[in-house]
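So the structure is just underneath, and the comments pick up after that.
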Amino acid sequence: MTVLFAYKLGGLCLFFMGFTALILRSHPLKKIMAVNVMAAGVFLLFIAMACHGRVGVAIDPVPQAMVLTGIVVSVSVTALALVLACRIQETSGGAGSSEGEHPPQGDS
Amino acid sequence: MNSLSLTLFDCVVLVTLLGLAWQLLATPDLFKAMVLFMSFGLVMALAWVRLAAPDVALAEAALGAGLTGPLFLSALHRLRGTRKGERRQQLDSIEHRGKIEKVTQRTSGRIIYLLLRILFAGLLLTLLVHLATILLHVEYENPGLGVFVAEQQEESGVISPVTAVLLNFRGYDTLLEIMVLFVAVVAVWSLATVRFSEKSGQVSPIQQGVVRILAPLMILVAVSLIWQGTHLAGGAFQGGAVLAAAGVLMMVSELPWLRLIPSLPVRLMLVFGPLVFLGLGVSCLADGRFLEYPGELAGFLILLIELACGLSIGLTLACLFVGGRPVDDLVDRGQLEEGS
Amino acid sequence: MPTVSASFWMVLPVVLPLAGGLLCFLWRQRSLWLPLAFALVNLIVVIRLTRLLLIQGPLHYQIGGWETPLGIVLVLDGPALLMLLLTALCGAGVTCYARGYFAYRISAQKQPGRHERQERFFWPLWLMLLAALNGLFLSGDIFNIYVTLELLSISAVALAALSGKPVAQLASFRYLLASLLGSLSYLLGIFFIYRSHGVLDLGLLRAVVEPGSSMTAGLVLMSCGLLLKSAAFPLHFWLPPAHANALAPVSAILSGLVIKGSLYLLFRFWFDTFASLISPAALNVIGMLGILAVFWGGILALLQQRLKLLVAYSTVSQVGYFLIAFPLAYHDATLSVWTAFLFMILAHGCAKVAMFMAAGTMYLHSGHDRMRDLHGIRLVMPLTVFAYGMAGVNLMGLPPSGGFVGKWLLLTGAFDDGQWWWSVAIMAGGLLAAAYVFRVMSPLFQAPVGASIFDGRPTPALLEWPPLVLSLIALLLGLFAPGIMALLTANGGAVISGGLP
Amino acid sequence: MREVLDLTGIVLIVCGLPFFLSGSLGLLRFPDIFTRLHALTKADNVGLGLIVLGLICQAGSLFEALRLLMVWLLVLIASSASCHLIARSALEKNIKPWMRS
């Protein structure tokens with residue numbers, strides 16, 4: 001039981017560490033990583049819940065399936081966020097960059 | 001679980017996890033953070049194994065560490081490639097930073113800023129402690145749905161309980177999740193274009209040679225992972241991820257025959273898995289409910305769905321790695337110039 | 001339990017748009033008929049479901065035939081059906097409008113390839129979003145709701161970034177991060193709920209919920225996630241830029257439909273599933289946030305120079321009304337606040353979709369949406385301006401609009417249990433709405449300074465009629481009140497399948 | 001027989017561990033990228049080889065033993081290829097090998 005509690009505590013810590021970084025870090029890649037760390041924390045909680053640590057009680061496969069779903073979702077969202085961050089960088093560029101090489105952006 | 005005998009191992013895993021997470025979030029060096037992130041994923045996979053979740057461990061190793069890492073790396077590469085000033089990658093925060101710096105130049109401003117930070121940290125710590133005490137105090141943990149899964153296992157048509165939950169009991173969730181993957185590809189394609197026919201020509205022949213050996217092996221492993229999902233750990237997602245990794249390796253090595261132009265075959269492959277899943281679900285309506293596989297066919301149908309989805313997931317993840325709609329200069333140069 | 005043969009209709013609002021999205025991606029020739037056909041069939045299915053509900057009462061559908069603790073159940077009751085109806089109606093309108101919108105821009109010969117590309121990706125994303133919304137309203141399982149929320153937000157973000165402008169992409173990146181944070185908070189909430197009761201089904205949860213620290217933590221975390229996703233007052237920062245910088249049909253979808261998903265869930269959780277955990281203090285906090293949102297959003301809307309930003313801030317303000325309904329619903333033993341909430345959602349949904357579409361048409365013609373320079377646009381597109389005005393009447397809450405019915409029910413609720421102070425905020429908010437709506441209308445009706453700034457082409461019917469029809473529906477919603485009440489109480493006497501707390 | 005196998009396995013694994021230890025130490029303490037690569041590949045090749053041999057001693061079946069061997073082989077291929085790539089890109093970036101000064 002204590003081992004499982006340690007894992008759950010670790011999961012909570014990961015969640016809050018990610019949350020802090022998500023708010024305090026300004027670089028988009030850092031923000032995306034922070035979200036991933038948060039997600040890992042939540043998954044750790046679920047998986048630690050799934051194995052009860054009691055003799056004779058089967059491991060609950062439902063949270064494991066939920067975590068699998070969550071991992072796939074977080075990978076796809078991460079990919080989208082990364083492409084979005086790259087696009088922002090490419091289209092807007094850093095401050096004071098050369099504007100000439102981009103086609104002029106039309107209306108909305 | 002023989003809970004006390006391996007506590008030292010658990011402690012090492014946990015401390016490593018937390019330390020890696022702290023480091024990767026704190027370091028200002030993006031590349032270092034990236035490397036730490038990948039190792040974080042691998043240690044996470046260890047934790048899953050320890051917590052008796054081999055399916056999740058496989059998925060984490062293949063997806064979390066194996067694919068997210070390259071995703072981040074290629075994004076970093078693109079971010080650095082666009083502008084000279086690596087230091088000025090702070091997209092929207094420059095202005096914000098400036099404001100903060102202006103505020104913190106005055107002592108009173110500095111104190112207020114510090115107080116705000118302390119307040120924020122205190123708030124988060126209180127929340128953390130509160131949630132942890134809830135976890136500690138509420139001794140009773142519900143056994144969950146494990147009992148029900150075990151009871152109905154026979155009817156699900158597969159032996160592995162996780163696969164039974166994923167594809168039979170809660171197949172609807174999985175259907176929607178595959179759609180999330182699909183939408184991610186559509187979104188990525190709508191956002192960016194990538195010139196695919198450009199080749200650097202600088203790939204080491206050793207790399208190409210190794211990939212020529214490894215890629216077929218990986219495809220074999222992927223298929224066996226998908227197949228063994230019905231009775232052991234594994235399944236469409238894990239197999240698909242390995243498939244995607246093989247694709248990524250081949251793309252990185254610029255093997256001559258590999259083109260991912262979004263022509264009809266590629267789109268057909270992307271849609272194939274979700275469409276098969278959806279179609280089989282609807283065909284179950286003929287004499288039952290949505291996704292209610294007829295008893296004796298359940299195992300076969302699940303295998304079919306896993307195979308179809310595994311292929312599509314592999315291609316989907318590879319497309320996500322490419323990070324944009326691949327454009328062949330020869331085919332639609334006109335479109336690229338007009339588009340962004 | 002109704003017969004299987006009839007209730008299979010319940011999966012169609014999810015399955016059909018999913019299939020539609022996949023097919024639209026596969027056949028990417030610009031074609032009107034495929035998405036339009038799917039939107040219309042969706043409308044027909046929902047109308048059929050309405051009949052089913054009226055005849056048989058609330059319906060349950062076990063997906064895969066598995067019993068509740070294990071399987072996922074779809075639930076169709078009065079509120080869910082109304083949300084489906086709203087989505088189907090607005091969806092059909094937006095689909096027509098979007099077709100006209102893209103056709104107009106492609107034919108403008110300015111970067112046609114870019115617009116064609118946008119349209120090509122718009123259809124699959126929009127149909128997927130439609131499926132996610134329908135799935136969200138029908139779902140009876142907290143984890144399934146998480147998956148639909150993710151599908152919803154990822155397709156919404158992709159749509160918001162579709163215009164390709166750097167501003168829009170930056171806004172949608174923030175939108176993505178905000179909704180990810182919301183989803184993770186929701187997921188953490190699921191953990192706390194699952195560990196204390198071991199079930200995910202809403203109906204079973206309602207039966208077993210009892211006050212306890214774990215459950216409360218779960219509910220608070222889930223609610224925070226949902227509040228963030230629905231842009232409730234202090235968490236609204238992401239909404240105005242994301243909604244104002246998107247393409248016109250996308251703005252309409254985001255503002256009119258997407259945020260309603262999480263708001264609806266919030267209301268449902270607080271007054272149906274987890275009703276026994278709710279304390280008056282929490283409700284008052286939500287209500288106060290609502291009041292702040294009404295004023296903050298309203299004042300900022302007044303200060304905007306751009307039409308679309310004004311409409312976006314008015315959404316922030318309107319979300320406040322939905323939150324004010326929370327403390328009132330607690331003391332209300334009758335159905336009136338549930339009805340008020342749903343009425344406001346319906347009215348605001350139709351009106352906001354119409355408003356954004358009308359604003360988009362003006363944008364198309366003038367190439368900008370600075371309100372100063374829109375003088376005399378009334379002469380060019382009278383129907384569009386009329387639609388905008390009708391939608392504005394709804395936001396102000398004048399009779400016989402649906403907004404009026406909603407606010408009236410809220411006001412009576414507030415006076416009935418002596419909480420008159422909420423009514424001050426409700427009425428002041430109405431005045432603010434009137435101010436910002438007239439602020440737009442007055443330049444539109446002034447004499448044109450120079451007509452040459454407008455695109456000389458006539459407005460296509462597809463751009464004019466959908467906003468008009470939707471705003472008229474919103475305006476006349478008050479007249480359908482008895483019918484809607486009948487739907488809510490269909491065949492069981494209770495608003496929601498399990499009865500009120 | 002069983003005991004002998006077990007003992008051999010343990011001895012082999014224990015022999016493998018110092019290689020990993022020294023590899024990690026080298027990674028941390030060596031002065032430049034090439035020497036670090038050298039340290040790492042030693043650990044991968046020999047250390048992992050010994051550990052795999054030790055595990056094979058305890059394998060239940062021939063199939064399992066073959067799979068373990070396969071793991072070693074694949075790691076060998078992958079690590080040598082990636083070592084080559086890292087060294088190559090280091091050379092391309094004009095990183096000079098460390099000289100005893």
Side-chain angles (χ1 to χ4, degrees), chain A residues 1 3 5-10 12-14 16-17 19-21 26-30 33-34 36-37 40 44 47-53 57-65 67-69 71-73 75-80 82-91 93-95 97 103, chain B residues 1 3 7 10 14 17-18 21-22 24-25 30 33 37 44 48 51-53 55-56 59-60 63-64 67-68 71 75 78-79 82-83 85 88-91 93-94 124 128 131-132 135-136 143-146 149-150 161-162 165-166 170 173 177 180-181 184 187-188 191-192 237 320 323-324:
Chain A
M1 226 28 209
V3 177
F5 178 71
Y7 273 108
K8 284 181 192 163
L9 197 63
L12 272 184
C13 287
L14 285 181
F16 281 98
M17 270 157 70
F19 180 68
T20 318
S26 49
H27 195 280
L29 288 195
K30 269 297 176 61
M33 269 191 239
N36 270 292
V37 170
L44 195 54
I47 294 294
M49 170 174 68
C51 73
H52 296 274
V57 179
I59 285 170
D60 187 356
V62 175
Q64 296 194 353
V67 168
L68 272 177
T69 306
I71 288 179
V72 174
V73 166
V75 167
S76 39
V77 173
T78 303
L80 174 60
L82 286 173
V83 172
L84 205 50
C86 290
R87 279 304 288 169
I88 294 167
Q89 178 81 6
E90 279 161 18
T91 48
S97 60
Chain B
M1 176 186 261
S3 51
T7 304
D10 292 307
L14 265 173
L17 262 184
L18 290 176
W22 182 272
L24 83 92
L25 294 173
L30 276 177
F37 184 76
M44 209 70 204
W48 299 143
L51 290 170
D55 291 86
V56 183
E60 177 81 41
L63 280 173
L67 213 85
T68 320
L71 274 176
R78 281 170 73 176
L79 277 181
T82 48
R83 292 279 159 258
R88 308 210 72 176
Q89 285 169 359
Q90 327 273 337
L91 300 186
S93 62
I94 299 169
L124 283 187
L128 175 64
L131 290 182
L135 284 184
L136 190 64
L145 297 173
V149 175
V162 177
V165 173
L166 266 182
R170 297 182 69 89
D173 277 347
E177 170 202 355
V180 171
L181 267 175
V188 165
L191 274 170
F237 295 114
L320 288 180

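First the proteins, then the strands, lettered A, B, ... as listed; each starts at 1. All values below come from the heavy atoms of this structure, side chains included, with hydrogens, waters and symmetry mates left out.
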Counting only non-hydrogen atoms closer than 4.5 Å, does V67(A) touch chain B with its backbone (N, CA, C, O), its side chain (CB onward), both, or neither?
side chain
Chain B contact via A21(A) - which portion, at a heavy-atom distance below 4.5 Å
side chain
Quick one: pull up OG1 in T69(A) and CZ in R170(B) and give me the separation to the nearest 0.5 Å.
8.0 Å
When rounded to the nearest 0.5 angstrom, what distance separates CE in M33(A) from CG in L24(B)?
6.5 Å
When rounded to the nearest 0.5 Å, the distance separating CE of M49(A) from CG of L51(B) is 12.0 Å
One pair to check against side chain to side chain donor-acceptor pair (under 3.5 Å): N36(A) and T68(B). What are the steps and the verdict?
CA-CA 10 Å; N36(A) 270 292; T68(B) 320; 5.7 Å; no
Which atoms of T78(A) approach chain B - backbone, side chain, both or neither, heavy atom under 4.5 Å
side chain
Selection from L14(A), V77(A), V73(A) maximising heavy-atom pairs under 4.5 Å formed with chain B
L14(A)
Among the options I71(A), V62(A), V72(A), pick out the one with the most heavy-atom pairs lying under 4.5 Å from chain B.
V72(A)
Looking at V162(B), V180(B), L17(B), D55(B), which has the largest count of heavy-atom pairs under 4.5 Å with chain A?
V162(B)
Would you mind telling me which of L12(A), V37(A), V75(A), L80(A) has the largest number of heavy-atom pairs within less than 4.5 Å of chain B?
L12(A)
At a heavy-atom separation under 4.5 Å, does L131(B) approach chain A through its side chain, its backbone, both, or neither?
both
Y7(A) portion near chain B, given a 4.5 angstrom heavy-atom threshold:
both
Identify which of A79(A), A50(A), C13(A) forms the greatest number of heavy-atom pairs closer than 4.5 Å to chain B.
A79(A)
Point-to-point distance, once rounded to the nearest 0.5 Å, from CG of L320(B) to CG of L181(B):
7.0 Å
When rounded to the nearest 0.5 Å, the distance separating CZ of R78(B) from CD of Q89(A) is 11.0 Å
Where on A132(B) is there a heavy atom nearer than 4.5 Å to chain A: the side chain, the backbone, both, or neither?
both
Intermediate values then yes/no, side chain to side chain contact (heavy atoms under 4.5 Å, CB included), T20(A) and L25(B)
CA-CA 9 Å; T20(A) 318; L25(B) 294 173; over 6 Å; no
Correct closest heavy-atom pair for L18(B) and G10(A) would be CD2-O, 3.9 Å
Heavy atoms of P61(A) and G146(B) approach each other most closely as CD-CA, 3.9 Å
Under 4.5 Å from any heavy atom of chain A - which part of V149(B)
side chain
At a heavy-atom distance under 4.5 Å, which candidate from A33(B), A150(B), A59(B) has the highest pair count against chain A?
A33(B)
If you tally heavy-atom pairs under 4.5 Å between each of L128(B), L166(B), D173(B), L67(B) and chain A, the highest tally belongs to L128(B)
